[in-house]
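Working notes for the structure below.
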Amino acid sequence: MASYKPAYLIHGDDHGRIGERRNRLRALAEKEGGGQGAEVFAAADSSPEEVALALAAMTFAMGRRFIIVDGVERWSDREVEPLVTALAELPPETTVAFFAREEGRAKVPGPLAAAVQEAGGDVAVESAVKSWELPRWVQGQAVQLGLEISPAAAKALVAVVGDRQQRLVRELEKLALSLPTGARIELDHVEELAAGSAERRAWTLADALVARDGPAAVQCYLQLRAQGERLPGLLYLMTQRLRTAHDAARRIEGGESAAQVKKSLRMPPRAADRLLNDLARTDAAGLRLALERMAELELASRGGAARALSEDTLALETMTELAAA
C-alpha cells in the first residue's frame with residue numbers, strides 16, 4: 001500500500017498538469033478506500049470554514065480518508081485562517097490535497113502553503129514552460145525516458161504537437177516505445193512517429209491534392225476509409241493542410257522567398273520541403289478552389305448534396321476534379 005503524507009498543495013500555471021495530478025489522486029483514493037472514493041470540495045461552492053469542519057468531523061469509514069479541495073486560488077489569506085488551524089490538528093489516517101490553478105492575480109493563499117508544510121505535507125509547483133523554452137525542455141524529458149533527441153527534432157516535435165507539455169510527453173513516450181533505449185531521435189522519427197497513422201495519411205492525401213496527383217489521392221482516401229476513418233474527420237485534417245498550403249502559396253506569390261515561408265511553417269522540415277515542392281504544381285487560386293470544394297463536400301456529407309450519391313462517391317469525384325483542374 002502506498003504511503004501518503006497528511007497534506008498536499010499542488011499549484012501553478014500548468015493547469016493541465018495540475019488536473020492530471022488531481023485525477024490521479026482521486027483514482028488512488030478510490031482504490032485505497034475500497035470504492036469509498038474521496039470527499040471533494042470546490043472552492044467556488046465551499047468556504048475554507050466548511051472544509052475545516054469536514055476535516056474535524058468524525059467518520060466511520062475504514063482505512064485512510066481522502067479530502068480533495070479544488071480551486072483554492074479563489075480564497076484570500078484572511079479566509080483560510082480556520083483552515084490553517086484545522087491543518088495543525090489533522091486527525092490520523094487523513095490526507096487532504098489542495099489544488100490551485102494560478103493565473104494573473106489568482107494565487108494560492110500564502111498562509112495555506114505554510115500550513116501544509118507545517119503539517120508535514122508537500123507543496124509542489126507545476127509551472128508551464130515558456131514557448132521558446134519548450135525544445136530544450138523536450139530534450140530534458142527525452143533523457144528521463146532513456147532517449148536523446150536532437151535540437152532540430154525537439155523543435156520539430158513542438159511544431160507538430162503544439163505547446164501543451166502533457167501532449168509532448170505522451171508523444172515522447174510513444175517514441176520511446178518504438179525505439180531502443182538510448183536511441184537518438186532525429187527529424188525523420190518525429191515526422192513518422194509523432195502523429196497518428198490516420199493523421200499522417202490525411203496529410204498525405206491533402207499533399208496529393210496540392211500536387212494534383214489524382215491517383216495517389218484516390219488510393220490514399222480508399223485506404224483511410226478501409227481502416228474505418230470517417231469522412232468528416234478526414235475533411236477537417238485535409239482542410240487544415242490545404243489552408244496551410246494556400247497561405248504559403250499566397251505569400252510566395254506576394255514576393256516572399258520559399259525559405260522565409262518554410263521557416264514559419266509549423267511542421268517538420270522535410271514535410272515543409274515536400275509541401276513547398278508541391279506548390280510548384282499549383283497556385284493560390286487553385287488552392288482556394290480546393291478549399292471551396294472541401295467546404296461543399298462537407299455540406300454534402302451532412303445531407304446537403306443536390307444529387308443522391310454516397311459520400312464516398314462525392315469525395316472521389318471532388319478529388320478527381322481537383323487533380324485535373
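The figures here come from the full heavy-atom set of this structure, side chains too, leaving out hydrogens, waters and symmetry mates. Since we're looking at a predicted model, the values are computed, not measured.
A salt bridge is absent between Glu133 and Lys130; no separation between the charged side-chain nitrogens and carboxylate oxygens falls under 4.0 Å. Between Arg101 and Asp13 there is no salt bridge, since no side-chain N of the basic residue sits under 4.0 Å from a carboxylate O of the acidic one. We find that Glu93 and Arg65 are not joined by a salt bridge, their nearest charged nitrogen and carboxylate oxygen being 4.0 Å or further apart. For the pair Glu20 and Arg24, the salt-bridge criterion is not met [side-chain N within less than 4.0 Å of a carboxylate O]. A salt bridge does not link Glu79 to Arg74: none of the charged side-chain nitrogens sits closer than 4.0 Å to a carboxylate oxygen.
Under a hydrophobic clustering in which Ile, Leu, Val, Met, Phe, Trp and Tyr are joined whenever their side-chain heavy atoms come within less than 4.5 Å, directly or via other members, Leu157 and Val129 fall into the same cluster. Under the 4.5 Å side-chain heavy-atom criterion for grouping Ile, Leu, Val, Met, Phe, Trp and Tyr, Phe99 is not connected to Leu9 through any hydrophobic cluster. Both Phe98 and Ile67 belong to a common hydrophobic cluster when Ile, Leu, Val, Met, Phe, Trp and Tyr are linked at side-chain heavy-atom distances under 4.5 angstrom. Each of Ile18 and Val123 belongs to its own hydrophobic cluster when Ile, Leu, Val, Met, Phe, Trp and Tyr are linked at side-chain heavy-atom distances under 4.5 angstrom. Hydrophobic clustering (ILVMFWY, side-chain heavy atoms < 4.5 Å, transitive): Leu242 and Leu205 are in one cluster.
In this structure, the side chain of Glu253 engages the main chain of Ala284 through a donor-acceptor pair within 3.5 Å. Between the side chain of Thr318 and the main chain of Leu314, a donor-acceptor pair closer than 3.5 Å is present. At distances below 3.5 Å, at least one donor-acceptor pair connects side-chain atoms of Glu102 with backbone N or O atoms of Val108. In terms of modelled atom types and a separation under 3.5 Å, the side chain of Gln260 and the main chain of Ser257 share a donor-acceptor contact. Checked by atom type and distance alone, the side chain of Gln117 never pairs as donor or acceptor with a backbone atom of Ala114 at under 3.5 Å. In this structure, Asn277 contributes its side chain and Asp273 its backbone to a donor-acceptor pair below 3.5 Å. Between the side chain of Thr282 and the main chain of Asp278, no donor-acceptor pair closer than 3.5 Å is present.
Distance check: Asp247 CG to Arg243 CZ gives 11.5 Å after rounding to the nearest 0.5 Å. Atoms CG and CZ, from Leu287 and Arg250 in turn, are 11.5 Å apart once rounded to the nearest 0.5 Å. Atom CG of Leu291 sits about 10.0 Å away from atom CE of Met238, to the nearest 0.5 Å. The CZ atom of Arg22 sits 14.0 Å away from atom NE2 of His15, with the distance rounded to the nearest 0.5 Å. Between the CD1 atom in Ile149 and the NZ atom in Lys155 there is a gap of 13.5 Å [rounded to 0.5 Å]. One finds the CG atom of Asp213 at 9.5 Å from the CD atom of Gln219 (value rounded to the nearest 0.5 Å).
Between Glu118 and Leu87, the closest side-chain pair of non-hydrogen atoms is not below 4.5 Å. Side-chain contact between Met294 and Leu209 is present, with heavy atoms from C-beta onward closer than 4.5 Å. Side-chain contact check for Leu222 versus Leu316: some heavy-atom pair is nearer than 4.5 Å. For the pair Leu83 and Leu55, the minimum side-chain heavy-atom distance is below 4.5 Å. Between Phe41 and Val96 there is no side-chain heavy-atom pair separated by less than 4.5 Å. Side-chain contact between Asp70 and Val40 is absent, with no heavy atoms from C-beta onward closer than 4.5 Å. The shortest distance between side-chain heavy atoms of Trp137 and Val158 does not fall below 4.5 Å. In this structure, the side chains of Arg241 and Asp207 come closer than 4.5 Å at one or more pairs of heavy atoms.
In this structure, Phe66 has its ring center under 6.0 Å from that of Tyr4.
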Chi angles and distances behind the side chain to side chain donor-acceptor pair (under 3.5 Å) call for Arg64, Thr95: CA-CA 7 Å; Arg64 178 164 289 274; Thr95 290; 2.8 Å; yes
Arg251 vs Ser264, side chain to side chain donor-acceptor pair (under 3.5 Å): CA-CA, chis, key distance, verdict: CA-CA 11 Å; Arg251 290 167 60 190; Ser264 66; 2.8 Å; yes
Residues Arg225, Glu311; criterion side-chain contact (heavy atoms from CB on, under 4.5 Å); working and verdict: CA-CA 11 Å; Arg225 291 290 284 153; Glu311 62 178 20; 3.1 Å; yes
Working for side-chain contact (heavy atoms from CB on, under 4.5 Å), residues Gln165 and Leu134: CA-CA 8 Å; Gln165 292 169 246; Leu134 278 172; 4.2 Å; yes
Full working for side-chain contact (heavy atoms from CB on, under 4.5 Å) between Ile10 and Glu126: CA-CA 7 Å; Ile10 296 90; Glu126 296 289 354; 3.9 Å; yes
side-chain contact (heavy atoms from CB on, under 4.5 Å) evaluation trace for Glu148 with Val143: CA-CA 6 Å; Glu148 181 184 358; Val143 170; 5.9 Å; no
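Heavy-atom minimum distance, Leu112 versus Val80: N-CG2, 4.3 Å. Considering all non-hydrogen atoms of both residues, Ala128 and Asp14 come closest at N-CB, 3.6 Å. Minimum interatomic distance between Ala52 and Ala86 (heavy atoms only, all atoms of both residues): CB-CB, 3.8 Å. Nearest heavy atom pair, residue Pro109 against residue Trp75, reads CG-O, 3.2 Å. The nearest pair of heavy atoms linking Val138 to Leu172 is O-CD1, 3.8 Å. The heavy-atom pair separating Pro111 from Val84 by the smallest distance is O-CG2, 3.7 Å.
Residue-environment remark: CD (Glu256) exceeds the threshold of 12 foreign heavy atoms within 6.0 Å. More than 12 heavy atoms of other residues, nucleotides or ligands lie within 6.0 Å of CZ in Arg170, so this atom counts as buried by the packing criterion. In this structure, Arg184 places its CZ atom where more than 12 heavy-atom neighbours from other residues, nucleotides or ligands lie under 6.0 Å away.
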